[in-house]
Amino acid sequence: MNSEALLWNANEIRHTPITFVLGAPRSGTTLLQSSLNAHPNIVAPPESYFILFLYSRFGKIRRFDAHSISKFVEALFSEHIFTKLWGLDKIQVERNLQATGKNADFATLCKMVFCQTADDKEKISLISDKNPKHSLFAKKLLKIYPEAKFIHIIRDPRDNVNSNLHSLRKKNPLFLAQQWLGFNTHIENIKRKYSDKFFTIIYENMVVEPESTFMSLCSFLGVPYNNSMLKHQFPERLQTYENRKFYEIFKTAHQSMLKPINTSNMGKWKDGMSERERTITEIFTATFAKSYYGYDIELNKTNAQKISSWKLLKSRVIYRVWEVFTKLRYEIYKINKVYYKKSKNAW
């Protein structure tokens with residue numbers, strides 16, 4: 001979308017609906033976001049943390065002026081995941097926001113950033129933001145965007161942990177199983193209070209019947225269904241990263257998304273997980289996954305007795321500390337900035 005079009009629609013952007021894709025990492029959030037972005041009237045860029053990252057510094061500004069917009073853009077481009085994955089030109093973004101963002105509040109200015117990725121989409125009916133960590137912050141996101149809707153995607157916890165272990169090469173099934181449980185527990189807790197704002201998708205149902213899933217989703221979101229959503233846009237997006245340092249890492253992490261929507265990632269845990277990894281995952285997730293989402297998971301009590309109770313307790317404490325720290329750092333801009341600087345080298 002060029003700057004003239006953005007300027008023309010500046011007042012509309014304030015009232016453009018926004019939705020947030022929630023779920024534990026490796027639950028299909030990237031696939032879903034890429035499918036949403038294939039819709040001709042939905043803007044759904046890659047994940048970023050900038051709304052929460054910048055809120056503690058800029059969230060109280062009711063009317064941005066030229067100076068505060070410049071500061072906002074400077075801070076925005078210090079968030080390295082946004083800078084690398086979105087591929088926007090900093091000068092152009094500031095020029096557009098200076099032309100359209102004066103007198104805007106924080107929530108509207110963030111929406112304007114999303115609209116920079118609209119490309120050739122003539123009409124924007126919906127903005128979608130995807131970030132698994134947002135699962136811990138749905139209440140705060142509702143404070144920023146009271147009108148927001150949420151899409152909650154769930155995947156079999158065994159496939160979820162297995163995917164983290166192999167695709168992202170994470171090594172701690174104790175933490176990963178609790179992450180699945182913790183993220184989904186947070187979502188279910190707030191879903192009880194705001195049930196009308198949530199649409200739940202079971203990953204396995206989505207890949208088996210994508211068309212009916214997306215039709216129901218579009219009805220919930222208030223946009224007409226378009227069958228372009230069946231062809232997610234990840235391969236095209238990946239091409240834009242080809243000459244960048246993180247290309248191979250990103251490609252490996254999302255290898256399965258180079259193909260159309262399919263069922264090949266269902267049940268991979270059966271061959272991919274060790275008995276210990278599976279047992280640990282089921283100890284933490286089996287009851288919740290079965291009662292909330294209907295997954296047919298029965299914990300093998302004999303295998304469970306082989307897992308050290310001390311290690312289970314220790315891992316619970318470690319995960320809880322991580323969760324508390326994660327929530328805390330998003331409240332303090334300076335801590336967040338230091339954290340991102342330290343993690344920058346991974347990209």
To the nearest 0.5 Å, tell me how far [X] [atom1] sits from [Y] [atom2].
X	Y	atom1	atom2	value
E323	I318	CD	CD1	14.0 Å
H134	S48	NE2	OG	8.0 Å
I201	I154	CD1	CD1	8.5 Å

Treat each ILVMFWY residue as a node, draw an edge where side-chain heavy atoms are under 4.5 Å apart, and state whether [X] and [Y] are in one component.
X	Y	answer
L176	F284	no
L141	M112	yes
I297	W269	no
F183	L181	no

Between the side chains of [X] and [Y], is a donor N or O closer than 3.5 angstrom to an acceptor N or O?
X	Y	result
D105	T108	yes
N37	H232	no
N265	K268	yes
E204	Y293	no
R95	Q92	yes
Q178	T285	no
T200	K191	yes
N227	E211	no

salt_bridge([X], [Y]) N-O dist < 4.0 Å:
X	Y	answer
R278	E282	yes
E331	K140	yes
E277	R158	no

Please tell me whether [X] and [Y] form a close aromatic pair, meaning their ring centres lie under 6.0 Å apart.
X	Y	result
F77	F82	yes
Y333	F53	yes
W322	F175	yes
F114	F50	yes

Within the distance-only criterion (no hydrogens, no angle test), does the side chain of [X] pair as donor or acceptor with the backbone N or O of [Y] below 3.5 angstrom?
X	Y	result
T263	M266	no
S70	A66	yes
Q33	P45	yes
N41	S125	no
K149	F20	no
S212	E209	yes
K111	T16	yes
S27	T29	no
S68	D65	yes

Residues in ring-ring contact (aromatic ring centres under 6.0 Å, His included) contact with F106, at least two apart in sequence or another chain: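 Once residues adjacent in sequence are excluded, the partners of F106 under the ring-ring contact (aromatic ring centres under 6.0 Å, His included) criterion are Y55.
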
Considering residues at least two apart in sequence or located in another chain, which fulfil the ring-ring contact (aromatic ring centres under 6.0 Å, His included) criterion with Y225?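 ring-ring contact (aromatic ring centres under 6.0 Å, His included) check on Y225 returns nothing, list empty.
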
Tell me, do P17 and H15 make a side-chain contact under 4.5 Å, heavy atoms counted?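 Counting from C-beta outward, P17 and H15 never come under 4.5 Å.
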
Would you say N262 and V207 make side-chain contact, with heavy atoms under 4.5 Å?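 Contact flag for N262/V207 side chains = no.
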
Among R26, M273, K270, which one satisfies side-chain contact (heavy atoms from CB on, under 4.5 Å) with N162?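 Among the candidates, only M273 passes.
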
Residues two or more places apart in sequence or in another chain: which of them pass salt bridge (Lys or Arg N to Asp or Glu O under 4.0 Å) with K306?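 Result, salt bridge (Lys or Arg N to Asp or Glu O under 4.0 Å) vs K306: E275.
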
Is the charged tip of K133 near the ring of Y49: under 6.0 Å from the six-membered ring centre and within 45° of its axis?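 Relative to the ring axis of Y49, which defines the angle, K133 lies outside at least one limit.
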
Indicate the atoms forming the closest heavy-atom contact of D156 with W180, along with that distance.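 Looking at all heavy atoms of both residues, the shortest contact is C-NE1, 4.5 Å.
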
Show the numbers, then the answer: is there a side chain to side chain donor-acceptor pair (under 3.5 Å) between N160 and S163? CA-CA 5 Å; N160 178 274; S163 182; over 6 Å; no

Applying side chain to side chain contact (heavy atoms under 4.5 Å, CB included), run through L97 and V93 and close with a yes or a no. CA-CA 6 Å; L97 293 186; V93 169; 4.0 Å; yes

Would you check, one step at a time, whether the test side chain to side chain contact (heavy atoms under 4.5 Å, CB included) holds for I153 with I202? CA-CA 6 Å; I153 184 166; I202 301 297; over 6 Å; no

The test is ring pair (Phe, Tyr, Trp, His ring centres under 6.0 Å); show your working for F198 and H152 and say whether it passes. CA-CA 7 Å; F198 281 82; H152 177 201; 7.3 Å; no

